[in-house]
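Taking it in order: structure first as structure tokens, then the write-up.
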Amino acid sequence: MAETIHVDKALAKRIMAGDEKAFRETFDRFFPRLYRFALVRLDHDRQAATEVVQQTFCKAIEKLSSYRGEASLYAWFHRICHNTLVDHCRRRNIRASKVVLFEDARDPRELLEALSAPASEQPESRASYRDLGRLVQTTLDHLPDRYGDALELKYVEGLSVKEIAVHMEIGPKAVESLLTRARVAFREAFLALSGCEDALEGLMGS
Amino acid sequence: MSKYTTPQHNEPTRDEGDDVLALLLKAAGSRQQPPQADYEQVLGVATAAWRQRIRRRQRLTYAAMAAGIASVAVLAATLLPDRRPTMPALTFATTDAVVGTAMIRADDDADWSWLDPEQPVKLIQGTRLRTGPASAAGLLLAKGGSLRIDARSEVEFRADGRVLLSAGAVYFDSGSRDGEVEPIEIVTPDSRVRHLGTQFEVRRGQPGSRIRVREGRVMISTRLQDFETAAGDELTVLAQGSVQRASIAPDDPGWEWVQTVAPAVYAEDQPLSALLDWVTRETGRQIYFARPELEFRAHRTILHGSPRRLMPMEALAVMLQTTDFHYLVTGGNEILIDAGSP
């Protein structure tokens, strides 16, 4: 994490110094994740999601010189996107309950508890398989760069390490190392939490 | 050398956690990629904002470097004062309400910058203004009246006082029924529209510019003719200069967008009748009183509190709760005001 932040601070400096490549790479990395975050919270209204993400980038660019590396750069953009989303909903009188989904909870443990809670206890937060899928995708979106892509290529697309190496333009050994770190990061965010087995049980029964 | 070679790289052994991970990720499926059009739109705006930020930063750096030189220049200016008259740029309008996103550019050499919805901004002559999708901007004109700019529009405030509409739509409201504000002219490639004390909309589109008059009269000039048209008229100016006519009611849903950026009503210490006038003007609905004496009471009832940034009908509902008046929308176009127990 410390390494990520060190790299992110340098990246923010490059962007502020006018490095177009750094700006474009950051945009391409963050845009899909922020777009998905906004889209699912805006009832899949594409126009609204585009507007929110557009404002997010503009605000983030304006404030980028104040980024001190307290969190990863993506987490910093994500916080701005969240605030922009709240402002957007407030302006349009969209009820917050319609917007805030369970991924917004700060403690991932709570998510898993919500997933496994009996319907009578928390009917509003009982996770369906679709919710579980969304939780997995949200977890991927919150992983450091390339981790999510590597895991998706490996386990969703079914590519071999060699094929991933070609796709990501790195060596097979580097892919292995990337996958190992990605798996650990994913587990930390998802599998190492209590109540996970219940969610998986439901998944395997489908 | 055997034609069968050992692979240089072997797939790593899968552990139990791999299976669980694979199961989870397979069930979730691939993450949805944003549509290309949305990607390109945001990339374009973000890149423009980033370039503008970089240029501003560079200018600050240059400004700091030039500070020493500037101090010398100031001294010289003091010794040799420049007596040429300066022509300050005239304020054309001030932003009053922004919903969604809007950008401005002071002149052709300047960069586009975002309008802060929370801060009124003075727009000088020569400024261009663009609104984003699902957005609108409301301006208070220096010469009186309000100009509202619909989503996906672009306007330029010309030095000659005209408003050049390149895309989208604008709505002008002279602000009072007697129209005592200075003339404004909306210009499109196929028409010029001048108000004669009124509320009207001009929208660019196909097959030509569309002009809708909600109240009062406007003067229209096309390639072929100059003519006046009145409230309730909807005209489409075709490329050759000919005109197609239709009609539109003052409470037609087509006017609703203008309410989102209507100038705020300041109801504090104002009579209820002033709020009712505003609601009538913004919604196009007529006010009726259940009993004649209620109209007199509406003039004498002083309101407290101000429903800033509420839509007109919402403001009416909120402000009437502070009185014993209540209202009922009847027949879609009329608001019946009554008092006492509903």
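Note on naming: letters A, B, ... go to the chains in the order of the sequence lines (proteins, then strands), and numbering restarts at 1 for each one.
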Task: Interface moiety of Asp45(A) toward chain B, non-hydrogen atoms closer than 4.5 Å - done: neither

Open item on the list: For Phe27(A) and Phe31(A), take the angle between the two ring planes, folded into 0 to 90°, and tell me which bin it lands in: parallel under 30, tilted 30 to 60, perpendicular over 60.
Closed with: parallel

- [ ] May I ask you to name which of Ala49(B), Gly29(B), Gly132(B) has the most heavy-atom pairs under 4.5 Å with chain A?
- [x] Gly29(B)

TODO: Decide whether Thr283(B) and Gln259(B) meet the rule of one side-chain donor and one side-chain acceptor closer than 3.5 Å.
DONE: no

- [ ] Can you tell which part of Ile15(A) gets under 4.5 Å to a heavy atom of chain B, answering side chain, backbone, both or neither?
- [x] both

Open item on the list: Looking at Arg29(A) and Glu25(A), is any side-chain nitrogen of the basic one under 4.0 Å from a carboxylate oxygen of the acidic one?
Closed with: no

Task: Option from Arg79(A), Gln54(A), Lys59(A) for which side chain to side chain donor-acceptor pair (under 3.5 Å) with Thr84(A) holds - done: Lys59(A)

Open item on the list: Does any backbone or side-chain atom of Glu20(A) lie under 4.5 Å from a heavy atom of chain B? Answer side chain, backbone, both or neither.
Closed with: both

Task: Under 4.5 Å from a heavy atom of chain B, the part of Glu62(A) involved - done: both

Open item on the list: If I measure from the heavy atoms of chain A, does Ala37(B) come under 4.5 Å with its side chain, its backbone, both, or neither?
Closed with: side chain

Open item on the list: Taking every non-hydrogen pair under 4.5 Å, which of Gln47(A), Glu157(A), Arg46(A) racks up the most with chain B?
Closed with: Arg46(A)

Open item on the list: Shorter than 4.5 Å, heavy atoms on both sides: which option in Leu151(A), Leu140(A), Val53(A) has the most such pairs with chain B?
Closed with: Leu140(A)

Task: Structural part of Trp50(B) lying under 4.5 Å from a heavy atom of chain A - done: both

Task: Side-chain (Thr131(B)) to main-chain (Ala136(B)) donor-acceptor, under 3.5 angstrom - done: no

Open item on the list: Whether the side chain of Tyr39(B) engages the backbone of Pro34(B) through a donor-acceptor N/O pair (distance < 3.5 Å, no angle test) should be reported.
Closed with: no

Task: Max heavy-atom pair count under 4.5 Å with chain A, selected residue of Arg51(B), Lys26(B), Arg31(B), Gln32(B) - done: Arg31(B)

Task: Flag, side chain of Arg148(B) to backbone of Val258(B), donor-acceptor distance under 3.5 Å - done: yes

